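Below is one structure; the comments refer to it alone.
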Amino acid sequence: MQDQMTFSHFSSYVFINFFNTINSRRDQANDYLTMEQGVDEWLDLMGKHRLLTDQQVEAVKQGPFHIEKLRSFRDQSRSYFYNRENEEAFTHMLSEWTKGSLQFKFDQDALVPVPLKGGSDGLLAILAYQMLHHKEAGIWEKVSACQNDDCLALFVNQKGRRKWCSMDVCGNRMKARKHYSKKKAGQPAE
């Protein structure tokens with residue numbers, strides 16, 4: 001998982017990239033949260049792209065990773081964004097993850113949340129804080145699922161017109177599928 005090509009959609013939102021640690025390639029689900037190495041690589045990638053600061057990455061790497069806890073958080077979050085049910089309970093869960101878990105430090109003239117604990121608890125505190133921050137900014141309403149049924153990616157649909165996580169990946173595949181099915185049926189291609 002060393003570069004963004006591993007993701008069907010690489011986002012400027014760290015929480016979206018965390019949700020997309022499970023994806024589908026060639027009709028097979030790939031889950032990068034199966035061992036600590038995958039979490040370490042994901043953290044390095046988020047740091048490399050400046051989505052997490054060096055302070056945040058270092059603090060999170062100080063503790064153990066409980067893979068099942070990370071996967072449970074990811075799966076509950078994905079479920080919320082797919083179904084949009086019980087926002088109050090979901091928001092409460094996120095708030096609980098941030099309570100007493102973060103301190104704020106300056107990093108390049110920006111105030112950033114840095115976890116007081118490392119490992120899973122620290123990472124989930126950062127993710128929960130960022131998700132709540134983006135809820136307040138109206139980003140939650142723009143989170144969409146890719147309309148390619150074979151894709152598991154979520155993305156932020158800024159303008160409300162996108163159908164796919166990535167035009168380069170799913171968009172091209174879906175358009176090619178549509179073209180060939182029309183051609184096979186004897187209809188003129190668009």
Side-chain angles (χ1 to χ4, degrees), residues 1 4 7-23 32-33 38-63 65-66 69-146 152-162 165-166:
M1 201 162 103
Q4 68 192 46
F7 290 99
S8 57
H9 170 69
F10 190 83
S11 176
S12 59
Y13 297 93
V14 71
F15 72 98
I16 294 291
N17 291 327
F18 186 73
F19 297 165
N20 291 339
T21 55
I22 187 167
N23 65 29
Y32 296 104
L33 297 182
V39 179
D40 275 337
E41 290 174 1
W42 182 84
L43 284 167
D44 291 341
L45 183 62
M46 295 303 106
K48 174 183 168 185
H49 289 277
R50 312 297 294 147
L51 298 177
L52 291 174
T53 67
D54 291 342
Q55 286 183 49
Q56 290 171 318
V57 171
E58 288 171 20
V60 168
K61 285 189 172 187
Q62 294 303 310
F65 293 111
H66 301 284
K69 186 185 284 189
L70 293 172
R71 290 173 80 177
S72 176
F73 180 91
R74 180 199 58 203
D75 296 345
Q76 284 179 309
S77 299
R78 287 178 59 85
S79 178
Y80 170 76
F81 284 104
Y82 270 102
N83 303 315
R84 306 289 176 157
E85 294 174 358
N86 207 349
E87 181 176 324
E88 187 176 327
F90 183 64
T91 303
H92 178 75
M93 177 194 79
L94 295 175
S95 296
E96 290 298 312
W97 274 107
T98 63
K99 282 186 181 173
S101 301
L102 300 169
Q103 60 186 333
F104 291 83
K105 295 185 176 183
F106 278 99
D107 186 283
Q108 299 180 4
D109 296 326
L111 195 59
V112 296
V114 177
L116 294 170
K117 295 180 184 177
S120 302
D121 291 341
L123 177 56
L124 296 179
I126 290 171
L127 290 169
Y129 172 81
Q130 289 189 356
M131 289 170 68
L132 290 169
H133 174 75
H134 290 305
K135 177 189 184 330
E136 183 180 39
I139 299 299
W140 280 21
E141 293 79 32
K142 298 175 182 179
V143 174
S144 298
C146 183
L152 302 174
L154 293 168
F155 63 96
V156 177
N157 191 351
Q158 294 290 358
K159 295 180 181 174
R161 296 188 310 237
R162 279 179 55 191
C165 61
S166 166

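No experiment lies behind these values; they were computed from the predicted model shown. In what follows, every heavy atom counts, from backbone to side chain, and hydrogens, waters and symmetry copies are set aside.
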Contacts of Lys61 meeting side-chain contact (heavy atoms from CB on, under 4.5 Å) (sequence neighbours excluded), chain-then-number -> Asp40, Leu43, Asp44, Val57

Whether the side chain of Asn20 engages the backbone of Leu154 through a donor-acceptor N/O pair (distance < 3.5 Å, no angle test) should be reported.
yes

The side-chain hydrogen bond (donor to acceptor under 3.5 Å, both in side chains) partners of Thr91 (sequence neighbours excluded) come to none

Ala128 and Phe73 have their tightest heavy-atom pair at N-CZ, 4.3 Å

Between Val60 and Gly122, the two heavy atoms sitting closest are CG2-C, 4.0 Å

For residues 129-141, the side-chain hydrogen bond (donor to acceptor under 3.5 Å, both in side chains) pairs (sequence neighbours left out) are Glu87-Lys135

Review point. Is the shortest heavy-atom distance from the side chain of Phe18 to the side chain of Leu70 under 4.5 Å?
Key: yes

dist Asp121:CG -> Ser101:OG (nearest 0.5 Å) comes out at 7.0 Å

Closest non-hydrogen contact found for Val114 with Ala59 is CG1-CB, 3.9 Å

So CD1 of Ile139 and CG of Asn157: to nearest 0.5 Å the spacing works out to 11.0 Å

Residue set satisfying side-chain hydrogen bond (donor to acceptor under 3.5 Å, both in side chains) with Arg84, at least two apart, ordered chain then number -> none

Applied to residues 98-113, the salt bridge (Lys or Arg N to Asp or Glu O under 4.0 Å) test, sequence neighbours excluded, yields Glu96-Lys99

Those residues at least two apart in sequence (or on a different chain) that pass salt bridge (Lys or Arg N to Asp or Glu O under 4.0 Å) with Arg161 are none

Closest non-hydrogen contact found for Ile126 with Pro113 is CG1-O, 4.2 Å

Phe106 vs Leu111 side-chain heavy atoms within contact, under 4.5 Å: yes

Next on the checklist: Check the orientation of Phe81 and Phe90. Use parallel for under 30°, tilted for 30 to 60°, and perpendicular for over 60°.
Outcome noted: perpendicular

For Phe19 and Ser77 the tightest heavy-atom approach is CE2-CB, 3.2 Å

Hits for side-chain hydrogen bond (donor to acceptor under 3.5 Å, both in side chains) against Lys142, two or more places apart or cross-chain, chain-then-number order -> none

Closest non-hydrogen atoms of Cys165 and Phe155, given as atom of the first, atom of the second and distance, are CA-CD2, 3.6 Å

Residues passing the salt bridge (Lys or Arg N to Asp or Glu O under 4.0 Å) test with Arg162, sequence neighbours excluded, are none

Across all chains, not counting sequence neighbours, the side-chain contact (heavy atoms from CB on, under 4.5 Å) partners of Ser11 are His9, Tyr13, Ile16, Asn17

Rounding to 0.5 Å, atoms CE (Met46) and OG1 (Thr53) come to a distance of 13.5 Å

CG of Leu123 to NZ of Lys117, rounded to nearest 0.5 Å, is 13.5 Å

The reported gap from CG in Leu51 to CH2 in Trp42 (rounded to nearest 0.5 angstrom) is 8.5 Å

Ring pair (Phe, Tyr, Trp, His ring centres under 6.0 Å) filter on Phe65, not counting sequence neighbours, yields none

Residue set satisfying side-chain contact (heavy atoms from CB on, under 4.5 Å) with Glu85, at least two apart, ordered chain then number -> Asn83

Residue set satisfying side-chain hydrogen bond (donor to acceptor under 3.5 Å, both in side chains) with Gln108, at least two apart, ordered chain then number -> none

- Are any non-hydrogen side-chain atoms of Glu88 and His92 less than 4.5 angstrom apart? no

CD1 of Ile22 to CG of Leu152, rounded to nearest 0.5 Å, is 6.0 Å

